[in-house]
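Bear in mind that the values here come from a model prediction, so they are computed numbers and not experimental data. Just so we're on the same page: letters track the sequence lines, and every chain starts at 1.
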Amino acid sequence: MIDRNDRNGRHVQAEAADNRQERTAADYGLLDGHIIYVGALSCMRHRGQEFTQLQREGRLSYLILNEIDYISGDYLEKIKDAAREIAAEEHPSALNLAVGCQGALLSTDYRMLIGELEKELSIPVRIDENCHLLGYDHHGRHGGRGEHGDWRNHGSRGDHDSHEYHRHHQEGTSKGRFFDLGGLRKNKGRQEGETGR
Amino acid sequence: MKNLWRHIPPHRSDLFGFREVIKNTDGVGLIDDSSQYHDGSMFGGRKGGRNSRSSSSEVRMEHVISGSAELLLQRFGSLGQEYDPAFALVTHGPAASMIGTDMDDIARKIAQQYRIPAAFVNINGHKTYDCGVEATLAAMARLLVKPAERRADEVNLIGGCRLDWGSENCSAVMNWCRERKLKVCSVWGMGDKKNNLERASEAAVSLVLTASGLETAKWLEQQFQIPYITGVPFGKTQSERLYHKITSRNPAVESCLERAQSENGRRAVIIGEQFMANAFRTALINEYDFSEVRTASFFAMDKALMQPGDVKLKSENQLKEFMEPLKNWTVFAPSLYQYYKPEQCRWISLPGDALLPPSDEKLPKLVENGLDCWLAQVL
């Protein structure tokens with residue numbers, strides 16, 4: 001166990017084996033801002049140890065939704081509420097929404113969602129459709145589908161439809177994903193505690 | 001916000017409970033889901049996942065249109081070839097459950113094609129692991145148990161798995177039965193073969209070890225008039241009581257508070273699986289003179305076994321509110337809940353595998369006087 005303070009100054013005891021190198025958000029190739037990882041409880045198994053570390057650093061929160069949220073369409077409002085809460089309390093420089101299969105299945109218009117959030121919160125909002133249903137595999141077979149709001153280069157609207165986006169998506173590169181764990185794994189080996197892919 | 005978990009990592013989902021039950025049997029489990037399930041490197045990682053007697057269909061977007069029935073049967077073919085299963089259970093993950101594949105029909109087709117019993121377990125990755133254990137055990141009981149003649153001295157052990165108390169305590173519970181000369185008829189959750197599970201109706205009594213085992217025990221009682229007793233043999237007092245209840249076939253639920261409460265002001269709260277927490281309560285009140293002991297859990301809690309002040313937790317906010325007034329209390333809880341550690345409390349870490357990622361720490365041996373020895377060390 002190691003003692004540390006999180007970003008709010010509260011003392012936390014973090015589990016870390018002596019032989020495990022502690023990693024920071026930067027090690028995970030994470031851009032600035034706060035991640036909201038959205039999905040069913042079962043989806044939360046992915047990237048166990050890595051995301052726990054980010055949560056300890058105050059860089060990640062889990063939004064766990066149930067079937068009624070998806071069926072009724074409430075999930076969109078809950079994502080907005082979560083974004084509002086994080087923005088109001090953490091004041092992140094950007095928000096990164098990681099969403100999964102259910103949203104894809106329901107053909108969610110994430111472009112509209114992030115457009116509304118950016119307007120309301122006045123911070124960049126990015127989306128990463130980290131979706132296995134679409135064939136995403138972070139071990140390199142396919143890239144994630146994302147980049148609706150790459151604010152630094154393109155602004156929040158329009159880029160998703162570009163030829164470049166589709167080329168990257170088809171070629172299976174990681175363009176548009178706001179974290180890329182494949183490279184880290186290739187160089188440093190897999191994390192302990194991994195519970196899914 | 002109720003659904004937002006900002007400082008506590010998520011708990012394992014019901015599909016992990018499904019896998020955990022299947023893993024220890026001679027059956028196989030097939031999950032209609034878009035990705036595989038693994039246990040983490042400390043349990044063998046991906047390799048461990050492959051040996052878990054369960055697999056995922058790896059359903060893709062095209063199956064939303066075409067249906068995943070053919071894919072599931074194809075996946076079952078390779079799973080069946082690898083394990084030569086005695087029975088099969090199928091279930092689905094969160095996205096696949098929205099597609100609406102007729103999983104009962106898949107189970108029927110598997111049963112017909114491979115001539116093994118097969119059933120659908122109705123979970124979908126939205127609840128915690130204990131719900132998965134509960135549903136899987138109940139489905140297995142309905143599928144496998146056959147009517148048989150009662151034997152006066154046999155016991156069914158129902159509920160309890162590695163995710164509840166770790167592998168060591170599961171083995172220790174089995175040893176406790178052997179040492180007490182209790183004849184175990186069938187074991188539900190910690191691992192058993194189909195042949196034994198089928199003859200659960202021969203038992204004279206069922207011992208329910210966790211709240212996840214209650215549904216199965218109630219079903220066995222309803223179908224075969226097998227009474228059940230609840231509790232886990234953690235701590236000397238509790239073990240003796242439990243043994244007495246089993247041998248006397250007296251399932252009456254007794255309060256653990258029969259000893260006069262002392263006025264010394266020592267108070268404790270245990271956050272974890274209900275039956276384990278109740279065993280802690282019995283030990284703390286009877287052996288350590290605690291005046292007030294509360295339990296709380298994110299997992300299923302049977303109302304009949306709750307005491308005033310016990311709380312079923314549903315969200316991180318609720319945990320925060322529950323913890324805030326516990327100044328100067330002794331808190332037994334997983335270290336990952338420590339963000340909400342009350343002021344000046346004494347925190348005793350209660351490791352477990354129910355949270356993601358699994359902890360490096362292991363729960364100590366708690367069976368019989370194991371709990372008392374550990375409490376003597378940490379208190």
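For chain A, the nearby part of K127(B) is the backbone; its heavy atoms alone come within less than 4.5 Å. Proximity to chain A (any heavy atom under 4.5 Å) is shown, for T128(B), by both the backbone and the side chain. Of the two parts of D14(B), neither the backbone nor the side chain holds a non-hydrogen atom closer than 4.5 Å to a non-hydrogen atom of chain A. Only the side chain of L15(B) comes within less than 4.5 Å of a heavy atom in chain A; its backbone stays farther off. Heavy-atom distances place both the backbone and the side chain of V59(B) under 4.5 Å from chain A.
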Go through the steps for I86(A) and L4(B) under the test side-chain contact (heavy atoms from CB on, under 4.5 Å), then give the verdict. CA-CA 10 Å; I86(A) 299 292; L4(B) 195 60; 4.0 Å; yes

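Across A104(A) and M61(B), no two heavy atoms sit closer than the pair O-CE, 3.5 Å. Heavy-atom minimum distance, P10(B) versus Y62(A): CD-CE1, 3.4 Å. Contact record, R6(B) with E90(A): NH2-OE2, 2.7 Å, taken as the closest heavy-atom pair. In terms of heavy atoms, D33(B) sits closest to S42(A) at OD2-OG, 4.3 Å.
Within residues 68-78 of chain A, the residues having any heavy atom less than 4.5 Å from a heavy atom of chain B are, in residue-number order, D69(A), Y70(A), K78(A).
With hydrogens and angles ignored, the 3.5 Å screen pairs no side-chain donor or acceptor of E67(A) with any backbone N or O of H126(B). The closest donor-acceptor contact from the side chain of Q102(A) to the backbone of P94(B) lies at 3.5 Å or more, if one exists at all.
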